[in-house]
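The structure under discussion appears below in the form of structure tokens.
Atoms within a ligand are numbered from 1 in the order they appear, just like the ligands themselves.
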Amino acid sequence: MKLPYAEPYRIKMTEEIHQSAPEERAEWIKNSHYNLFNLKSSQVFIDLLTDSGTGAMSDKQWAALMTGDESYAGSRSFEQLYNTVNKLTGFKHLLPTHQGRAAENVLFSVLVKEGNIIPGNSHFDTTKGHIEFRKAHAIDCTIDEAFDINNLYPFKGNIDLNKLEKVYQEYGKEKIPFCLITITCNSSGGQPVSMENIKAVRELSNQYGIPVFFDSARFAENAYFIKKREAAYQDKSIKEIVRELYSYGDGMTMSSKKDGLVNIGGFIALNNDEVFQKASNFTIIYEGFITYGGMAGRDMAALAQGLDEATEFTYLESRISQIEYLGNKLIEYGIPIQRPIGGHAVFIDALTFLPNVPRAEFPAQTLAIELYKEAGIRGVEIGILLADRDPETRENRYPKMELLRLAIPRKTYTNNHMDYIAAALKNVFERKNEITKGYKITWEPDILRHFTVHLTEA
Ligand SMILES: *Cc1c(COP(=O)(O)O)cnc(C)c1O
């Protein structure tokens, strides 16, 4: 018999989590204005809000913390991080930042001007926030297959080259400072971008003289999918794939809280000397000196180790297998999820799951609240709340999909937890026809509203 897959690690330390009663949860979520970001972690049993900074570190990473060099300038830990990033990506400059959005803030302060256009596959929310805050525009050129949750196309993060070329023709390099490829494409469901597509985007961008940057939070998971799904890469190591992928870019921003396997941190890596010089100045005013950028030396040491471990095949296999395990359970129960199953999360199609909740009453948020009330599980809405209002018209934007994301933290929960999550969703699914009402907004901020919005029952 073929041996089943098992994790390439064992657990050395545990953390207690708490069950609660349905009546308690109903009270807590009401007091949180029906916004799951307002819940205390002690009110949550299984926390799938995000896979960002919520994972477990290895013993080698914990050991690396103890070797951290806290020198203000030129620390040994910076050197370790520089060497690791340089070896993995080939980029010659590195600027650490305190997290991914800080990397965006620094880089975009140099490159993005009012009225600019930033095309790419679906931009991440903070990325879009940093673009729109500068009165520039993000244009989504993702392939149409990405928005059909049952389409099994293996690279649903890909950029549609025709859409991209139209944007290039209309605005040209005067208005377009760079094209941004998000790997994996978070907003379209943790879907990967193929090497073939990355190469083609590079070639097209070269014709128009436009640089290519990567929003890299889940670059290792993307490389795993390239190895598994793109024939030419099946015999390549993850590290070889990563190196090739970055050879088609001019630089990257990184949220180390994902594939860096650490709890906080980020960085920019790039080749252009002039952009590096300018970005260094912004790093100093926003983040810290250029060899730490808001990170402790020990955190840079743990990150260097984490990046190395995240780009090992056995780790990635166990990571992605767990997401597939949960996704396949849900499919078995008839629950509508996005397919193929993504890299860091399972995405549930709330429009199909809750057909009786009007679109204007936030079906995905409604489902997130129902799942929390059912079992103390915290997921996150990827729908109208997240899509926010159009910055000019202030109208609600209706994205093509209305999803509940269950993001799985790295190396944190067991498959028993996955079984519990699947059972809870099945229970909600069985009473879906009784759920006919959603929520309405009572207060919202001007930008990135989903984090702090207040809701009440519609
Ligand atoms: C998380 C993330 C960011 C922002 O990073 P933070 O570390 O949360 O600030 C940017 N882009 C993508 C694709 C992300 O997943």
Are the aromatic ring centres of [X] and [Y] under 6.0 angstrom apart?
{"X": "Tyr420", "Y": "Phe45", "value": "yes"}
{"X": "Phe225", "Y": "Tyr233", "value": "no"}
{"X": "Tyr292", "Y": "Tyr72", "value": "yes"}

Should you measure from each heavy atom of [X], which atoms of ligand 1 turn up under 4.0 Å away?
{"X": "Gly100", "result": "5 (O), 6 (P), 7 (O), 9 (O)"}
{"X": "Glu104", "result": "10 (C), 11 (N)"}
{"X": "Thr182", "result": "13 (C)"}
{"X": "Arg218", "result": "15 (O)"}

With no hydrogens and no angle check, is any side-chain donor or acceptor of Glu312 less than 3.5 Å from a backbone partner on Thr314?
no
Next item on the list: Could you tell me whether Ile285 atom CD1 has more than 12 heavy atoms of other residues or ligands within 6.0 Å of it?
Entry: yes
Nearest protein heavy atom to [atom], by residue and atom, and its distance?
{"atom": "atom 11 (N) of ligand 1", "value": "Asp215 OD2, 2.8 Å"}
{"atom": "atom 14 (C) of ligand 1", "value": "Lys258 NZ, 3.0 Å"}
{"atom": "atom 8 (O) of ligand 1", "value": "Arg101 NH2, 2.9 Å"}

Are any of the N or O atoms of Thr126 closer than 3.5 Å to those of ligand 1?
-> no
_Is it the case that ligand 1 has an N or O less than 3.5 angstrom from some N or O of Gly265?_
no
task: Give the C-alpha distance, both sets of side-chain angles, the deciding distance and a yes or no for side-chain hydrogen bond (donor to acceptor under 3.5 Å, both in side chains) between Asn272 and His93.
output: CA-CA 8 Å; Asn272 185 295; His93 297 299; over 6 Å; no
From CA spacing to verdict: side-chain hydrogen bond (donor to acceptor under 3.5 Å, both in side chains), Ser216, Tyr246
CA-CA 10 Å; Ser216 296; Tyr246 284 117; 2.9 Å; yes
Note: Lys257, heavy atoms under 4.0 Å from ligand 1, region reported as side chain
